[in-house]
Number of protein chains: 2
Amino acid sequence: MGICLVEMSMPEALTNFCQSCTVRNRAICGDLHDDEINVLNKIGRRRWVEAGEQVLWEGDDAVVVANVIEGLLKLSTQTSEGKEQILGIAYPSDFLGRPFGETTPYGVEALTPALVCTFQRSDFDHFAREHPRLEHKLLERTLSELDRTRRWMLLLGRMNAEQKMATFLLDMADRLVPATCAPMPESNEVMELPLTRQQIADVLGLTIETVSRQFTKLRKEGLIDLPSRRDVRIIDRAGLEALAS
Amino acid sequence: MGICLVEMSMPEALTNFCQSCTVRNRAICGDLHDDEINVLNKIGRRRWVEAGEQVLWEGDDAVVVANVIEGLLKLSTQTSEGKEQILGIAYPSDFLGRPFGETTPYGVEALTPALVCTFQRSDFDHFAREHPRLEHKLLERTLSELDRTRRWMLLLGRMNAEQKMATFLLDMADRLVPATCAPMPESNEVMELPLTRQQIADVLGLTIETVSRQFTKLRKEGLIDLPSRRDVRIIDRAGLEALAS
DNA sequence: CGACCCCTTGATCTATCTCAAAGGGGGTGG
DNA sequence: CCACCCCCTTTGAGATAGATCAAGGGGTCG
């Protein structure tokens with residue numbers, strides 16, 4: 001569908017990152033003209049974060065927002081007792097943080113090494129208000145994210161463990177494809193999960209043991225294969241879809 | 001906080017509803033100038049819907065969007081087996097529907113008699129793209145709604161029935177106040193729930209029996225009083241907050 | 001007055017959680 | 001290169017919160 005460029009290793013001395021940004025066409029900056037991009041480039045800063053590194057802290061004053069350029073991150077929050085709920089996974093071109101807000105409403109942590117393009121929120125807010133095309137892109141993205149989040153509410157509130165797992169696996173299979181430049185959904189392709197069993201549990205509102213048992217169950221039923229801890233091969237997509245219903 | 005006008009019963013012969021709209025200052029049209037409002041007024045249509053009446057159907061082509069002027073509505077979706085999950089409650093000044101999208105992602109049904117200001121989505125999209133101030137308001141509203149929805153994910157995924165109920169009651173107490181023009185949170189004020197027990201269950205991802213038992217439990221513990229089916233008096237707000245944690 | 005709907009309460013069942021212990025797999029240090 | 005260790009995962013056994021099934025109560029409306 002979209003053009004999927006291989007990242008060029010540019011000499012980092014080049015100051016205008018945006019010109020060579022691999023996600024520019026998909027991210028919210030995609031509709032800006034070159035002169036506008038140049039202004040945005042001046043207020044943004046690229047940063048690599050390691051897997052496991054925290055990028056945004058829940059409850060902090062919302063001082064930075066960011067665009068994901070490469071890698072995967074998780075958005076999460078927790079109860080006062082420390083039970084975690086993962087609110088979503090951020091993929092390349094996704095937007096992070098809370099523009100026009102006082103506090104960051106969720107924590108963000110890298111699941112893989114990730115490259116993010118960060119902005120001071122005040123700079124970003126100011127720029128956005130002056131560039132309706134950027135605000136429009138952000139609006140479309142936020143509306144889509146709201147739809148996705150609401151669909152996940154149905155999973156959390158009304159599905160059993162089996163339905164949750166099937167839905168999760170299909171969702172990952174769909175979303176991981178564009179993120180990894182893979183060809184079209186070869187149903188029997190192996191996908192590498194960016195999440196541990198515990199993190200999958202935190203996405204689905206389950207415990208790690210239940211997730212593990214469901215993996216085993218789906219494998220024994222011949223719907224999936226588990227070549228290694230992190231890898232899953234979907235053998236019977238239609239079967240999973242029937243479970244996810 | 002905000003000014004809370006008593007709705008004037010205007011002669012409906014007046015064609016420019018916007019000029020006297022009780023939610024105009026709070027809704028997304030709030031920042032428009034008079035001439036812009038006049039254009040918007042021409043493409044919008046006011047409509048009363050009865051309690052129980054469906055306004056938007058999940059999965060339909062997204063042909064209309066709307067603003068809530070008066071009354072309360074529920075947004076909901078369901079599993080293929082028919083289990084319902086309520087995704088949120090829409091209050092006066094809230095926005096309904098999916099601008100810039102193909103299909104309506106959730107159903108909308110009035111909980112009370114409600115007055116909505118509807119637009120053909122194509123008209124609205126067109127108008128919005130030409131009026132950045134309106135798009136900005138819509139963006140802010142969508143961002144807030146996303147935050148709220150994500151907070152609810154923590155409830156659905158990681159809270160037990162007691163925590164869900166306490167959180168629900170506190171949330172309703174907070175949100176019902178501005179909607180009903182009541183004075184400041186007189187903690188011992190009775191609030192009239194706009195939801196049946198079944199609908200509360202559908203908000204919280206529980207069954208009606210569990211909701212009923214939790215109501216009884218909270219009443220016996222002296223945290224709330226239940227003067228009638230639909231009425232709740234919060235007796236011990238701090239106690240509820242401790243449970244909601 | 002009766003029917004209907006919504007709500008409450010009780011009894012039982014079960015999906016999932018909790019607690020516990022035993023595999024691997026991969027990396028590190030000897 | 002091997003062995004050990006650590007962490008993640010799997011599996012088992014038992015406990016339990018909430019679901020399910022069932023029955024009865026009470027308010028409201030025709």
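What's counted below: heavy atoms across the whole structure, side chains too, no hydrogens, waters or symmetry copies. Below, chain A is the first sequence line, B the second, and so on; all start at residue 1.
- Residue-level contact check: B/S212 touches the bases, meaning some heavy atom is under 4.0 Å from a base atom.
- Using a 4.0 Å cut-off, no side-chain N or O of A/T210 falls inside it from OP1 or OP2 of C/dA15.
- Checking B/R158 against B/V211, the closest nucleotide of DNA chain C that is more toward the 5' end is the one next to B/V211.
- Positionally, the nearest nucleotide of DNA chain D for A/F215 lies more toward the 5' end than for the other of A/F215 and B/M159.
- Put simply, the side chain of B/R230 and the base of D/dG27 share no donor and acceptor less than 3.5 Å apart.
- Using a 4.0 Å heavy-atom cutoff across all strands shown, A/S228 reaches no nucleic acid atom at all.
- Within the nucleic acid shown, B/R197 comes within 4.0 Å of sugar-phosphate atoms alone, with no base atom in reach, counting heavy atoms only.
- For the pair A/R197 and A/F215, the cation sits on the ring face: its NZ or CZ lies under 6.0 Å from the ring centre, inside 45° of the axis.
- In the model, B/S76 has a side-chain atom that pairs as donor or acceptor with a side-chain atom of B/E84 under 3.5 Å.
- Map B/A161 and A/T216 each onto its nearest nucleotide of DNA chain D; the residue landing nearer the 5' end is A/T216.
- Atom CG in A/L226 sits about 18 Å away from atom P in D/dC8, given to the nearest Å.
- In this structure, a donor-acceptor pair under 3.5 Å is present between the side chains of B/E81 and A/Q163.
- A 6.0 Å sphere centred on CD of A/E102 holds no more than 12 heavy atoms belonging to other residues, nucleotides or ligands.
- Checked by distance alone, A/R213 brings a side-chain donor or acceptor within 3.5 Å of a matching partner on the base of D/dG12.
- With contacts defined as side-chain heavy-atom distances shorter than 4.5 Å, the pair B/Q199/B/L111 qualifies.
- Atom-to-atom, CG of A/D202 to P of D/dT9 comes out at 12 Å; the value is rounded to the nearest Å.
- Taking atom NZ of residue B/K83 and atom C1' of nucleotide D/dG18, one finds them 12 Å apart after rounding to whole Å.
- Atom pair B/Q214:CD and D/dA19:P shows a separation of 10 Å (rounding to whole Å applied).
- One interatomic measurement links the two molecules: CD of A/Q198 to P of D/dT10, which rounds to 12 Å at whole-angstrom precision.
- One can place CD of B/E209 at 12 Å from C1' of C/dA11, the figure rounded to the nearest angstrom.
- Nearest to the side chain of A/R229, among C/dA15, C/dG23, D/dT11, sits C/dG23.
- Atom NZ of B/K217 is separated from atom P of D/dA17 by 10 Å (rounded to the nearest Å).
- Spacing between atom CD of B/Q199 and atom C1' of C/dC5 amounts to 13 Å, rounded to whole angstrom units.
- Applying the 4.0 Å criterion to OP1 and OP2 of C/dC6, one finds that B/T196 has every side-chain N and O outside that range.
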